[in-house]
Amino acid sequence: QVQLVESGGDLVQPGGSLRLSCATSGFTLGYYAIGWFRQAPGKEREGVSCIDPNNDTIYYVDSVKGRFSISRDNAKKMVYLQMNSLKPEDTAVYYCATDLGIRCPIMVPSMRYWGKGTLVVVSS
């Protein structure tokens, strides 16, 4: 069974950093693209970042460019999102998700498998 489990969410002050992790199982991570998404209170879920199997295509939503960095460790079956210079508007539940496709970008409606999310709160 495909499983995705996020961790690393926390309360952090504006300007701080967090590293989110997504532990994957039930499929060979190295064959597929995978992404990070987020949903803030009262807002629609949006794509944040995506990485393809060969790291050839990496996508970031404009609001996080220059601040967030996605990476993967296929041997460890892990995906990461390094978040720097955090802003209050980054507050959201963050999810990793995949459609078991091989290309980025990956979009919310097409995702077949989701984790349960990890909460990031950016506040002073």
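- Environment of CE in Met107: sparse, with no more than 12 heavy atoms of neighbouring residues, nucleotides or ligands closer than 6.0 Å.
- Cluster membership for Tyr94 and Met111, using ILVMFWY side-chain heavy atoms within less than 4.5 angstrom, is not shared.
- A distance of 8.5 Å separates CZ in Phe27 from OH in Tyr32, rounded to the nearest 0.5 Å.
- Salt bridge annotation for Arg38-Glu46: present, with a cationic side-chain nitrogen under 4.0 angstrom from a carboxylate oxygen.
- Listed here is the closest heavy atom pair of Leu18 and Leu86: N-CD1, 3.9 Å.
- The shortest side-chain heavy-atom distance between Pro14 and Pro88 falls under the 4.5 Å cut-off.
- Side-chain contact between Leu29 and Ile34 is present, with heavy atoms from C-beta onward closer than 4.5 Å.
- Note that OH of Tyr95 is 13.0 Å distant from SG of Cys22, once rounded to the nearest 0.5 Å.
- Tyr80 does not carry Arg72 over the face of its six-membered ring by the limits of under 6.0 Å from the centre and within 45° of the normal.
- Cys50 pairs in a side chain to side chain contact (heavy atoms under 4.5 Å, CB included) with only one of the listed residues (Phe37, Tyr59, Tyr60), which is Tyr59.
- Taking both residues in full, the closest heavy atoms of Ala92 and Ala40 are given as CB-N, 3.8 Å, listed atom of the first, atom of the second, then distance.
- Grouping the Ile, Leu, Val, Met, Phe, Trp and Tyr side chains by contacts below 4.5 angstrom, directly or via other members, places Ile58 with Leu81.
- Rounding to the nearest 0.5 Å gives a distance of 7.0 Å between OG of Ser25 and NZ of Lys77.
- Counting only heavy atoms from C-beta outward, the side chains of Asp99 and Tyr113 never approach each other to under 4.5 Å.
- Residue Met78 is not grouped with residue Leu4 when hydrophobic side chains (ILVMFWY) are merged at heavy-atom distances under 4.5 angstrom, including chains of intermediate members.
- In plain terms, the two heavy atoms of Glu6 and Lys116 that are nearest each other are OE1-N, 3.1 Å.
- With values rounded to the nearest 0.5 angstrom, Ser124 atom OG is found 7.0 Å from Gln13 atom CD.
- Side chain of Thr57 to backbone of Asp52: no donor-acceptor contact under 3.5 angstrom is found.
- Inter-residue side-chain proximity for Arg112 and Thr98 is flagged as unmet; no heavy-atom pair is nearer than 4.5 Å.
- Leu100 and Trp114 are assigned to two separate hydrophobic clusters, defined by single-linkage of ILVMFWY side chains at heavy-atom distances under 4.5 Å.
- Taken together through direct or relayed side-chain contacts under 4.5 Å among Ile, Leu, Val, Met, Phe, Trp and Tyr, Val93 and Leu11 form part of one hydrophobic cluster.
- Going from atom CD of Gln82 over to atom OG of Ser21 covers 9.5 Å, rounded to the nearest 0.5 Å.
- Salt-bridge formation is not detected for the pair Lys87/Asp90: no Lys NZ or Arg NE/NH1/NH2 atom is positioned less than 4.0 Å from an Asp or Glu carboxylate oxygen.
- Side-chain contact between Thr91 and Val120 is absent, with no heavy-atom pair separated by less than 4.5 Å.
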### Query
Should Val79 and Trp36 be marked as a side-chain contact (heavy atoms from CB on, under 4.5 Å) after you check the CA-CA gap, both sets of side-chain angles, and the distance that decides it?
CA-CA 9 Å; Val79 185; Trp36 285 96; 3.7 Å; yes
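- Between the OG atom in Ser17 and the CZ atom in Phe68 there is a gap of 9.5 Å [rounded to 0.5 Å].
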### Task
For the pair Met83 and Leu20, evaluate side-chain contact (heavy atoms from CB on, under 4.5 Å) and give the outcome as yes or no after the intermediate values.
CA-CA 8 Å; Met83 306 186 296; Leu20 305 184; 3.7 Å; yes
